[in-house]
Enquirer: 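Would you mind keeping the following structure in view while I ask a few things?
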2 protein chains.
Amino acid sequence: MTTNEVIEVNNSCPAEALLKMLSGKWKPQIFLRSQQGPMRFSELLRDLKGSNKQSVSVALRELEESGLLSKATITQKPLHIEYSLTEKGKAMIPIFHTLELLTD
Amino acid sequence: MTTNEVIEVNNSCPAEALLKMLSGKWKPQIFLRSQQGPMRFSELLRDLKGSNKQSVSVALRELEESGLLSKATITQKPLHIEYSLTEKGKAMIPIFHTLELLTD
DNA sequence: CGGTATCCCTCGGGATACTG
DNA sequence: CAGTATCCCGAGGGATACCG
């Protein structure tokens, strides 16, 4: 408590958490797509060229778990599900765009 | 080569480039550390608990290649090398900090 | 001191088949 | 339609030894 403890936990970098929220091959693109409005599973599968059910499924779950996307289920046949940006997700859009400007 | 090869290039998401600049286990922490001023290799190795020469070496090279860090060599014995934030790197600091605020 | 070369192992992510 | 289960492979990253 008094001084230099050697704590192995590596929370030295808070931004890591957010970086992780968008890490991986498909999450950035899904997040980008979500800014256009609600989207359905098969719709994403079609748009994300080169992806597959498994990968999209995992990415969506992770985005949901980190609170960026929300899932709305319409229990009818055929099943209809929509993924939309949460308020937290919307709050990230400006930053997301700022990132682009720094790219070059 | 006029043939239309099936290149799956997917540049649909510009922010991906920047996300990639800070992706990986050590780059975020190194970038954070660099905000405190110039740093040396062995210094980083000491501070980044659980890392090793190889990983730090690769991370530094990638940060350098993406233009966030610059390398200054003093060719004397013993070798002395300093890594510092570039102007581009400095420009990213505010965003980096904004990211933290959105984490929760 | 400041790295690279090499080996190895885990984990992210692709393909396919099956399910509610 | 919207997923999960399973298998498999390549890349990321750790450990260690060697080099300028």
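Order of the sequence lines sets the chain letters (A, B, ...), proteins ahead of strands, with each chain counted from 1. The model shown is predicted, which means the values in this text are computed figures rather than measured ones.
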Enquirer: How far apart are the closest heavy atoms of I95(B) and I95(A), and which atoms are they?
Expert: CG2-CG2, 4.1 Å

Enquirer: Can you measure L19(A) atom CG to dG12(D) atom C1' for me and round it to whole angstrom units?
Expert: 16 Å

Enquirer: With the side chain of K53(B) defined as its heavy atoms from C-beta on, choose the nearest nucleotide among dG3(D), dA17(D), dA15(C).
Expert: dA17(D)

Enquirer: What is the distance, rounded to the nearest whole Å, between atom CG of N52(B) and atom P of dG12(D)?
Expert: 16 Å

Enquirer: Using side-chain heavy atoms (C-beta onward) and a distance below 4.5 Å, is I74(B) in contact with I81(B)?
Expert: no

Enquirer: Is there a residue in residues 59-75 of chain B whose heavy atoms reach under 4.0 Å of DNA chain C, and which residues are they?
Expert: R61(B), K71(B)

Enquirer: Could you check whether any side-chain heavy atom of F31(A) comes within less than 4.5 Å of a side-chain heavy atom of L85(A), counting everything from C-beta outward?
Expert: yes

Enquirer: Verify the contact: side-chain N or O of R40(A) to OP1 or OP2 of dA2(D), cut-off strictly under 4.0 Å; return yes or no.
Expert: yes

Enquirer: Counting only side-chain heavy atoms from C-beta out, which of dT6(D), dG3(D), dG2(C) sits nearest to Q54(A)?
Expert: dT6(D)

Enquirer: Quick one: does E82(A)'s side chain get under 4.5 Å of K71(A)'s, heavy atoms only?
Expert: no

Enquirer: Between the axis at one end of the helix from dC1(C)-dG20(D) to dG20(C)-dC1(D) and the axis at the other (five pairs apiece), what's the angle to 10 degrees?
Expert: 50°

Enquirer: Using the side-chain heavy atoms of Y83(A), tell me which of these nucleotides is nearest: dC1(D), dG3(D), dC1(C).
Expert: dG3(D)

Enquirer: Between T86(A) and S70(A), is there a donor-acceptor pair closer than 3.5 Å when you use the side chain of the first and the backbone of the second?
Expert: no

Enquirer: Any idea which heavy atoms bring K53(B) and F41(B) closest together, and the distance?
Expert: O-CZ, 3.7 Å

Enquirer: Is the shortest heavy-atom distance from the side chain of L68(A) to the side chain of M21(A) under 4.5 Å?
Expert: yes

Enquirer: Can you tell me how far C1' of dT16(C) sits from CG of L45(A), to the nearest Å?
Expert: 13 Å

Enquirer: What's the NZ-C1' distance between K27(A) and dG12(C), to the nearest Å?
Expert: 10 Å

Enquirer: Atom CD1 of I30(A) to atom C1' of dG3(D): distance rounded to whole Å?
Expert: 14 Å

Enquirer: Strictly below 4.0 Å: does S42(B) bring a side-chain N or O up to OP1 or OP2 of dG2(C)?
Expert: yes

Enquirer: Nearest to the side chain of L79(A), which nucleotide is it out of dG20(D), dA2(D), dG3(D)?
Expert: dA2(D)

Enquirer: DNA chain C: H80(B) or S55(A), which has the more 5' nearest nucleotide?
Expert: H80(B)

Enquirer: Whole-Å distance between dG12(C) C1' and K20(A) NZ?
Expert: 12 Å

Enquirer: Using a cut-off of strictly less than 4.0 Å, decide whether S57(A) has a side-chain nitrogen or oxygen near OP1 or OP2 of dT4(D).
Expert: yes

Enquirer: Is any side-chain heavy atom of I30(B) closer than 4.5 Å to one of M39(B)?
Expert: yes

Enquirer: Check the distance between dG3(C)'s P and L44(B)'s CG and give it to me in whole angstrom.
Expert: 10 Å

Enquirer: Whole Å only: how far is the CE atom of M39(A) from the C1' atom of dC1(D)?
Expert: 16 Å

Enquirer: Looking only at heavy atoms, which two atoms of W26(A) and A59(A) are closest? And how far apart?
Expert: CB-CB, 4.3 Å

Enquirer: Is the shortest heavy-atom distance from the side chain of L19(B) to the side chain of S23(A) under 4.5 Å?
Expert: no

Enquirer: Looking at W26(B), I'd like to know whether one of its side-chain N or O atoms comes within less than 4.0 Å of OP1 or OP2 on dG12(D).
Expert: no

Enquirer: I'd like to know if K25(B) reaches the base of dG13(D) with its side chain such that a donor and an acceptor end up less than 3.5 angstrom apart.
Expert: no

